[in-house]
Amino acid sequence: MSLPAPYNEVIFVSGIGTDVGKTLVAAIFCEALQAYYWKPVQSGGLDYSDTQQVAERITQGTAACLPEAYRLRLSASPHAAAAAENRTIQLQELRLPAPRPLVVEGSGGILVPLNNTHTYGDWLAAMRFPTVLVSRNYLGSINHTLLSIEALRQRDIPLLGIVFNGEIYPAGENFILQHSQLPCLLRIPDMPHITPQHIQSLAQQLRKQLMLLAAG
């Protein structure tokens with residue numbers, strides 16, 4: 001059974017910070033929805049980019065991964081990486097690719113600067129993409145998660161729910177869900193080595209949860 005909107009259109013994957021698992025979550029969503037993947041800005045890691053990682057993990061492979069709008073050498077925030085190459089990221093150049101469904105992955109968190117004026121939050125507020133927030137349990141992550149939710153809601157960006165990645169911390173997760181009134185879309189356990197089989201199993205779990213939420 002196919003999923004209704006917004007799951008068959010465009011979904012944005014954001015995080016509460018760096019290294020929380022956005023690329024992993026994006027791959028799981030791509031697998032669950034048989035969606036295309038697009039990362040608008042890749043800063044650093046060009047020898048093994050997030051796009052390449054997703055392509056290796058999903059059954060559609062490279063055919064479902066779309067080229068970045070910006071590929072920058074420096075591993076830094078997008079605005080700094082672009083400045084190091086005497087470039088400026090222009091929001092009008094972040095034109096959405098045509099294929100659907102489409103999973104779009106951001107860089108870092110919601111307020112990461114794209115240029116000296118605009119953050120990812122500004123771009124999202126203009127585009128109005130339904131957004132998934134990835135949280136990872138560590139000391140301070142409750143605060144970072146709730147601040148991210150506030151930042152998204154202040155910009156009237158629709159939130160689909162939260163994905164918790166890594167070590168399970170029920171007290172923190174339950175507080176976040178109760179306080180935010182958002183659904184948990186998926187819990188991802190710690191996995192030292194992620195295989196396509198892991199992605200497929202988690203994608204099945206995610207799809208079941210999305211079907212339940214879509215049914216009301």
Hydrophobic clusters here meaning ILVMFWY residues chained together by side-chain heavy-atom distances under 4.5 Å, can you tell me if [X] and [Y] are in one?
{"X": "Met191", "Y": "Tyr138", "value": "yes"}
{"X": "Leu46", "Y": "Leu74", "value": "no"}
{"X": "Leu133", "Y": "Ile168", "value": "no"}
{"X": "Ile110", "Y": "Leu147", "value": "no"}

For this session: Starting from the C-alpha separation in whole Å, work towards a yes-or-no answer on side-chain contact (heavy atoms from CB on, under 4.5 Å) for Ser14 and Glu105.
Result: CA-CA 7 Å; Ser14 188; Glu105 182 189 347; over 6 Å; no
Exercise. What do the steps show when you test Ile162 against Cys184 for side-chain contact (heavy atoms from CB on, under 4.5 Å), and what is the final call?
Worked result: CA-CA 5 Å; Ile162 302 174; Cys184 174; 5.7 Å; no
Exercise. Does a side-chain N-to-carboxylate-O contact under 4.0 Å join Arg73 and Asp47?
Worked result: no
Could you check if a side-chain atom of [X] sits within less than 4.5 angstrom of a side-chain atom of [Y], using non-hydrogen atoms only?
{"X": "Thr145", "Y": "Asn143", "answer": "no"}
{"X": "Arg87", "Y": "Leu72", "answer": "yes"}
{"X": "Val134", "Y": "Ile16", "answer": "no"}
{"X": "Ser180", "Y": "Arg153", "answer": "yes"}
{"X": "Gln90", "Y": "Thr88", "answer": "yes"}
{"X": "Val54", "Y": "Ile58", "answer": "yes"}

Can you tell me how far [atom2] of [Y] sits from [atom1] of [X], rounded to the nearest 0.5 angstrom?
{"X": "Leu186", "Y": "Phe164", "atom1": "CG", "atom2": "CZ", "value": "11.0 Å"}
{"X": "Leu24", "Y": "Arg136", "atom1": "CG", "atom2": "CZ", "value": "9.0 Å"}
{"X": "Cys65", "Y": "Gln53", "atom1": "SG", "atom2": "CD", "value": "10.5 Å"}
{"X": "Leu3", "Y": "Asn8", "atom1": "CG", "atom2": "CG", "value": "7.5 Å"}
{"X": "Ser43", "Y": "Arg71", "atom1": "OG", "atom2": "CZ", "value": "11.5 Å"}
{"X": "His79", "Y": "Ile89", "atom1": "NE2", "atom2": "CD1", "value": "9.5 Å"}

For this session: Consider only side-chain N and O atoms of Thr59 and Gln200, and report whether a donor and an acceptor are under 3.5 Å apart.
Result: no
Exercise. Which residue pairs pass the ring-ring contact (aromatic ring centres under 6.0 Å, His included) test with at least one member in residues 14-50, sequence neighbours excluded?
Worked result: none
Minimum-distance pair of heavy atoms, taken over all atoms of [X] and [Y]:
{"X": "Lys39", "Y": "Ser107", "answer": "CE-OG, 3.7 Å"}
{"X": "Pro196", "Y": "Glu56", "answer": "CG-O, 3.7 Å"}
{"X": "Glu173", "Y": "Asn137", "answer": "OE2-ND2, 2.9 Å"}

Seminar exercise, completed: Per side chain to side chain contact (heavy atoms under 4.5 Å, CB included), Leu102 is matched among Leu66, Leu33, Ile11 by Leu66
Exercise. Of Ile157, Leu96, Val13, Leu160, which meets side chain to side chain contact (heavy atoms under 4.5 Å, CB included) against Phe129?
Worked result: Leu96
Problem set entry | Aromatic ring pairing Tyr120/Phe12, orientation class (parallel under 30°, perpendicular over 60°, tilted between) | tilted
Exercise. Which word best sums up how the rings of His179 and Phe175 line up, parallel for under 30°, tilted for 30 to 60°, or perpendicular for over 60°?
Worked result: parallel
For this session: Start with the C-alpha distance between Asp50 and Gln42, add both sets of side-chain angles, then the distance that settles side-chain contact (heavy atoms from CB on, under 4.5 Å), and finish with yes or no.
Result: CA-CA 8 Å; Asp50 293 339; Gln42 175 74 42; 3.6 Å; yes
